[in-house]
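Here the structure is laid out as structure tokens; the discussion comes afterwards.
What you are looking at is a predicted structure, and each value in this text was computed from that prediction instead of being measured.
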Amino acid sequence: MITVEAALSKVQDAAREGRLTASSAAAVTRWLSEAPFGKYRPKLLQDVADGRWKQLDDAFFAVLEFGTGGRRGVMYPVGTNVLNERTIAESARGLADYINGNKAVGTTCSCVIARDTRHNSPEFAELCARVLAAAGVKVYLFDEPRSTPLLSFAVRHLRCDAGIMITASHNPPSDNGFKCYAATGGQVVPPDDSGIIECVKAASDREIPETSLEDGRKNGSIVSAGADVDKAYIEAVVGESVSHARGISIVYTPLHGVGETSVAAALTADGFAKVNILASQRAPDGDFPNVPGHVSNPENPATLEAAIAEAKATGADLVLASDPDADRIGVGLPVTGDPAGEWTTLDGNQIGVLLAAFVMKQYGDLGKLRSDHYLVTTLVSTQMAKALARREGVRTEDDLLVGFKWIAERIDREGPAGFLFGFEESHGYLKGTYARDKDASVASMLFAELTATVKDRKQTVVEYLDDLYIDVGHYGERLVNKTYKGREGLDTIRSLMKAFRTNPPRTIAGLAVTEVLDYKTHEVRDLLQPGKVGPLPEPSGDVLIFHTERDGVRFAARPSGTEPKIKFYLFARSHVDGPDSLPAAKAETARRLDQMVADIEKYVEGVV
């Protein structure tokens, strides 16, 4: 084995030769020299000896910070910019120090911990429990995989001060994450997030004590959470039912995640007797072996192909899928209602408007729709929800950044009693106030009820969606993702955001771009009158929204908070003048969006 002195010399040489950035070299030097990182030194020495400079540079060039969902990233045994035992322990200790520092005198803080089926999730969850217990925090630990929304529910149900979910949602098998929850059951927001980050930074400079799991269980600082919480959660989900229709057959796939414990359980408890769990994607497995590309993202239509094939073979009416931590859903359905015919998948905005419209309609029919009810959605979700809500006399809160934590915060700010439904375009939905995060269980249950309800009246879901378009116009959306990994990728994403901010496209799809709303600088810049700038209120985030000369046609740009991506959201709307004009309106919307995609791609190529 190479000596520490020899490794330090090699690190200095690599930095001089440009194979390590200065920040990476400094961080690697700390890990080689300082006591808190001693247990990780053998792996680091081996990497240095092997000259794995690219891996080390990506792992050490920065500190992985909290984004829209906490910490999430690639797993690697050593490094500050990746998920490993050290960065997980720092996260847990930072959270413990923060909640302990804000507790009332004479009280003991508590935290509930859950995890999904990913590689290292069990180990990371137990590590968090050991670190928290050593810091004097009482821990409720789920011993088996559970869903993210169940964790959100459990924080509230067990009256904890915080929650931790070990998951990377729908990311590739290489990734994992640390989601941090406040006492509300929602993911942490300012000022708590920055406070936790400061505590995590402080923890990164010292040894992090741990208790053993055995000792924690013996002295009561670590206790198991389980069946009683599961039961209360499923009862809460089923309590959000809005229809008695149940006459459909469903193929459901958990995509090798935890969804059988939550989505399938809720569907069964809600009275759906024909739920076929897809055998090939049923077993929990962090490699997601039977999913195309090994990425269990229900936003991708390819992930539903196997379930749709099963549905066609068995004559099912609906396909539902959930991601590995069961907070998002995907939907597949037969276009004409005939399972043997053509099938289609829905995008996140279509699912959102269908569920919002269905909930409002059912509440209206039951006489439960009130003037204080409201929907919540985000700046980059479809504006069709607002049009539908206006039709029903319901207000919409839609000035939110991406991330369901902002929807959770708005629920508490505006009052839970009036909250009707919330969603974001990335396939996340919530009805009810039992949790403060998106939930595949309640979304799947409601979509199954919608499908059964329209079937009872001899209509298909596609026809129901068309009726909505006829009422408020045809809305269409597209998402363009550009992935740029590593340190160079981060520089590319920053360059692209700078270009769109300082020299934005002046036209898109043949339309003039009239103004840009910059939520980072809080400015509205008029592109037709250079120098004309107006104020833009909260929220604060790295988001740009561009309006055009045509009402309903706009686009947005933002870097992802959890993945190495920059995302472009494209929106178009076409007027519909009765049923006969709907096909032409759909074609016009699609043509416009195709042009927008091409123009965005061309602009990006010019920058990159």
Side-chain angles (χ1 to χ4, degrees), residues 22-24 26-31 34-37 40 59-73 78-105 107-113 124 127-139 155 160-166 176-210 401 403 405-406 408-409 412 436 490 520 538-542 559-562:
S23 61
S24 294
V28 172
T29 298
R30 282 189 64 216
W31 279 51
E34 298 180 12
F37 311 105
Y40 312 102
F60 281 96
F61 83 92
V63 175
L64 189 63
E65 294 189 355
F66 281 73
T68 57
R71 266 181 158 169
R72 188 191 303 182
V78 293
T80 58
N81 192 45
V82 287
L83 264 292
N84 51 46
E85 289 185 4
R86 177 66 196 188
T87 53
I88 288 289
E90 291 171 359
S91 302
R93 182 66 198 210
L95 174 62
D97 289 346
Y98 183 77
I99 60 175
N100 278 335
N102 288 276
K103 70 180 180 181
V105 176
T107 62
T108 299
C109 290
S110 60
C111 179
V112 57
I113 302 172
F124 287 167
L127 173 59
C128 288
R130 299 198 305 270
V131 169
L132 286 163
V137 176
K138 181 171 183 178
V139 175
V155 173
C160 290
D161 299 281
I164 295 172
M165 181 70 197
I166 302 297
N176 215 324
F178 177 101
K179 276 190 174 182
C180 185
Y181 286 77
T184 61
Q187 294 174 46
V188 292
V189 296
D192 291 333
D193 56 354
S194 59
I196 293 169
I197 288 170
E198 289 305 310
C199 289
V200 170
K201 288 179 180 177
S204 69
D205 292 328
R206 63 180 192 265
E207 297 276 3
I208 299 175
E210 301 173 24
L401 297 174
K405 64 181 182 180
W406 303 114
E409 181 193 47
D412 288 324
R436 290 294 187 276
L490 181 60
K520 187 174 184 179
E538 293 186 345
S540 297
D542 195 4
S560 172
T562 55

Return the minimal non-hydrogen interatomic distance between Ala203 and Gly94, and the atom names on each side. CB-N, 4.4 Å
Find the distance between CG (Asn176) and CD1 (Ile166) and round it off to the nearest 0.5 Å. 6.5 Å
With a 4.5 Å cut-off on side-chain heavy atoms, are Asp412 and Arg436 touching? yes
Under 3.5 Å donor-acceptor, Asp542 side chain and Pro559 backbone: no
For a quick test of reading the model, state the closest non-hydrogen atom pair linking Thr80 to Ala62 and the distance between them. OG1-O, 2.6 Å
Working to the nearest 0.5 angstrom, can you tell me the gap between Glu207 CD and Arg93 CZ? 12.0 Å
Rounding to 0.5 Å, atoms CG (Asp193) and CD (Glu198) come to a distance of 10.5 Å
Is there a side-chain contact (heavy atoms from CB on, under 4.5 Å) between Ser110 and Cys160? Walk through the geometry before answering. CA-CA 5 Å; Ser110 60; Cys160 290; 3.7 Å; yes
Please report the C-alpha distance between Asn81 and Phe60 in whole Å, then the side-chain angles of each, then the deciding distance to 0.1 Å, and finally whether the side-chain contact (heavy atoms from CB on, under 4.5 Å) criterion is met. CA-CA 6 Å; Asn81 192 45; Phe60 281 96; over 6 Å; no
I need the Phe178 CZ to Ile88 CD1 distance, nearest 0.5 Å. 6.5 Å
Contact summary for Cys109 and Asp161, nearest pair of heavy atoms: CA-OD2, 3.1 Å
Mind running side-chain contact (heavy atoms from CB on, under 4.5 Å) on Asp192 and Asn102 for me, showing each step along the way? CA-CA 10 Å; Asp192 291 333; Asn102 288 276; over 6 Å; no
Do the side chains of Leu64 and Thr87 get nearer than 4.5 Å, heavy atoms only? no
Using every non-hydrogen atom in the two residues, find where Ala96 and Ala135 come nearest and quote the distance to one decimal. CB-CB, 3.7 Å
For Tyr40, all residues meeting ring pair (Phe, Tyr, Trp, His ring centres under 6.0 Å), sequence neighbours excluded: Trp31
Is there a side-chain hydrogen bond (donor to acceptor under 3.5 Å, both in side chains) between Arg71 and Ser91 once you walk through the steps? CA-CA 9 Å; Arg71 266 181 158 169; Ser91 302; 2.7 Å; yes
Please give me the minimum heavy-atom distance between Phe124 and Glu85, naming the atom from each residue. CE2-N, 4.0 Å
Which residues share a side-chain contact (heavy atoms from CB on, under 4.5 Å) with Glu34, sequence neighbours left out: Arg30, Pro36, Phe37
Could you report the tightest heavy-atom contact between Val139 and Ala133, atom names first, then the distance? CG2-N, 4.1 Å
Output for pair (Lys138 NZ, Cys111 SG), nearest 0.5 Å, gives 13.0 Å
Heavy atoms, side chains only, cut-off 4.5 Å: are Val137 and Leu95 in contact? no
Could you grab the distance from atom CG of Leu127 to atom CD1 of Ile208, nearest 0.5 Å is fine? 8.5 Å
Not counting sequence neighbours, which residues clear ring pair (Phe, Tyr, Trp, His ring centres under 6.0 Å) with Tyr98? List them please. none
Is there a side-chain contact between Ile164 and Tyr181, using heavy atoms and a 4.5 Å cut-off? no
Would you call Lys405-Glu409 a salt bridge at under 4.0 Å N-O? no
